Amino acid sequence: MNEVFSQTYEIRGNDFQNAGKVSTDIKTLLKQLGIRPEIIRKVAIACYEAEMNIVMYAKIGTMRMDIDTEKIKITVSDQGPGIADIELAMTEGYSTATQEMREMGFGAGMGLPNIKKNSDEFKIESTLGIGTKLEITIFIN
Amino acid sequence: MLLSEIAKILSCEIFSCRENLDCEIQYGCASDLMSDVLAFSQPGAVLLTGLVNPQTIHTAYISEIKAIVFVRGKKPQEDVTELAESKSIPLLSTNYSMYEACGLLYKAGLESTMEYIPPNSSKKSFNSSS
Ligand SMILES: Nc1ncnc2c1ncn2[C@@H]1O[C@H](COP(=O)(O)OP(=O)(O)OP(=O)(O)O)[C@@H](O)[C@H]1O
Ligand SMILES: [Mg+2]
């Protein structure tokens, strides 16, 4: 595992003003690094859905990206309410988004399923009252 | 279909990246749900939406949507236009409703970005695939 690049970003809950900034920055960075467009799109979609979930549901979180010669790994951890029933949260269409979030175009209940779909490896852990952690791995080749 | 043709068919007003109007658009996609766009769109689509906020632009940039058409006369504010300009995404506005705008583009031959899955098809929604 030759580490070639690593960066951590902070994401604040309820900060709709800046929501999406981290993921769009990541996408721009991956383009500069010359990663293949299909890979960039998968990473960017997974990051954006994860970022929006922190903004919508958690207090604060971090997104860490580690790139080596084989893969891009995204680790997203937040401090927040956690998820009581992960299987339910992973179900397409399940959402607890508020009316306000829905008016902004979120709350389809597609975020987590879509993160999983775009990942080659996906892990989710959550502790009620503490927070949620996602590990997303996307292979480069 | 060229974006300039779409602009003509829908009598669009243009708010950003005028210089990109000659780009080729492969698919059409219509939704007010950003996660649906992220889940089902393919690169190279035009997005028709009634949702005019920065998240619409982020969603387009993330999912390689080539241009956005706001329906029913909705117009982007300056912050949204600036964001789109910085990401090189053309923003257009039409007075047609979502239904009519989609119908007109479909009639003109623009393909859908989302694959139709017939009822009782063995093909399931993507969630169960892996
Ligand atoms: N980081 C998180 N902390 C607490 N709860 C979460 C978190 N992420 C997701 N959830 C819960 O899981 C549900 C499903 O999340 P998912 O991202 O799939 O859909 P959504 O955010 O509701 O809608 P969409 O992503 O389509 O806009 C959420 O409605 C929320 O209840
Ligand atoms: Mg979500």
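Labels below follow one simple rule: chain letters A, B, ... track the order of the sequence lines, proteins then strands, and each chain is numbered from 1. Treat the numbers as computed from the prediction; the structure is a model and nothing was measured.
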**Study point:** Side chain / backbone / both / neither for S31(B) at chain A, heavy atoms under 4.5 Å
**Key:** neither
Exercise for review: Treat each ILVMFWY residue as a node, draw an edge where side-chain heavy atoms are under 4.5 Å apart, and state whether L10(B) and L92(B) are in one component.
Suggested key: yes
Exercise for review: Can you see which heavy atom on E64(B) is nearest to which on R41(A), and at what distance?
Suggested key: CG-CD, 3.8 Å
**Study point:** Derivation of the side-chain hydrogen bond (donor to acceptor under 3.5 Å, both in side chains) call for T28(A) and Y61(B)
**Key:** CA-CA 10 Å; T28(A) 305; Y61(B) 179 65; 2.7 Å; yes
Exercise for review: Would you indicate whether E87(A), at its atom CD, is surrounded by more than 12 heavy atoms from other residues, nucleotides or ligands within a distance under 6.0 Å?
Suggested key: no
Point to revise | Heavy-atom closest contact (D36(B) atom, A108(A) atom, distance) | key: OD1-CB, 4.1 Å
Check your understanding: Does OH belonging to Y99(B) count more than 12 external heavy atoms closer than 6.0 Å?
Key -> no
Exercise for review: Verify the cluster assignment for V52(B) and L91(B): are they in a single hydrophobic cluster under the rule of side-chain heavy atoms below 4.5 Å apart?
Suggested key: yes
Check your understanding: Should we count CD of E100(A) as having more than 12 external heavy atoms under 6.0 Å?
Key -> no
Review point. Roughly how far, to the nearest 0.5 Å, is the OG1 atom of T59(B) from the CD1 atom of I45(A)?
Key: 10.0 Å
Review point. If you group Ile, Leu, Val, Met, Phe, Trp and Tyr by side-chain heavy-atom gaps below 4.5 Å, do L128(A) and V76(A) land in one group?
Key: no
Practice item. Check K117(A) against A39(B) and note the closest heavy-atom contact, atom names and distance. Key: NZ-O, 3.2 Å
Review point. Would F5(A) end up clustered with I39(A) when hydrophobic side chains under 4.5 Å apart are linked, directly or stepwise?
Key: yes
Check your understanding: Is the NZ atom of K8(B) crowded by more than 12 outside heavy atoms at less than 6.0 Å?
Key -> no
Point to revise | Interatomic spacing from CG in D32(B) to CZ in R102(A) - rounded to 0.5 Å | key: 13.5 Å
Review point. Is there a path from V55(A) to I74(A) through hydrophobic residues (I, L, V, M, F, W, Y) whose side chains come within less than 4.5 Å of each other?
Key: yes
**Study point:** Residue part contacting chain B, namely of F122(A), when any heavy atom lies under 4.5 Å
**Key:** neither
**Study point:** chain A contact via S41(B) - which portion, at a heavy-atom distance below 4.5 Å
**Key:** both
Review point. Nearest 0.5 Å, what's the NE2-CE distance between H58(B) and M52(A)?
Key: 8.5 Å
**Study point:** Toward chain A, the part of N53(B) with a non-hydrogen atom under 4.5 Å
**Key:** side chain
**Study point:** Euclidean distance, K27(A) NZ relative to K87(B) NZ, rounded to 0.5 Å
**Key:** 10.0 Å
Check your understanding: Relative to chain B, which segment of Q17(A) carries a heavy atom at a distance below 4.5 Å: side chain, backbone, both, or neither?
Key -> neither
Point to revise | Separation between CG of L38(B) and OH of Y48(A), rounded to the nearest 0.5 Å | key: 6.5 Å
**Study point:** Residue E78(B) excluded, over 12 heavy atoms near CD under 6.0 Å
**Key:** no
Study note, to complete from the structure: When the 4.5 angstrom heavy-atom criterion is applied to I62(B) and chain A, the contacting part is both
Review point. Got a second to check how far S35(B)'s OG is from E49(A)'s CD, nearest 0.5 Å?
Key: 3.5 Å
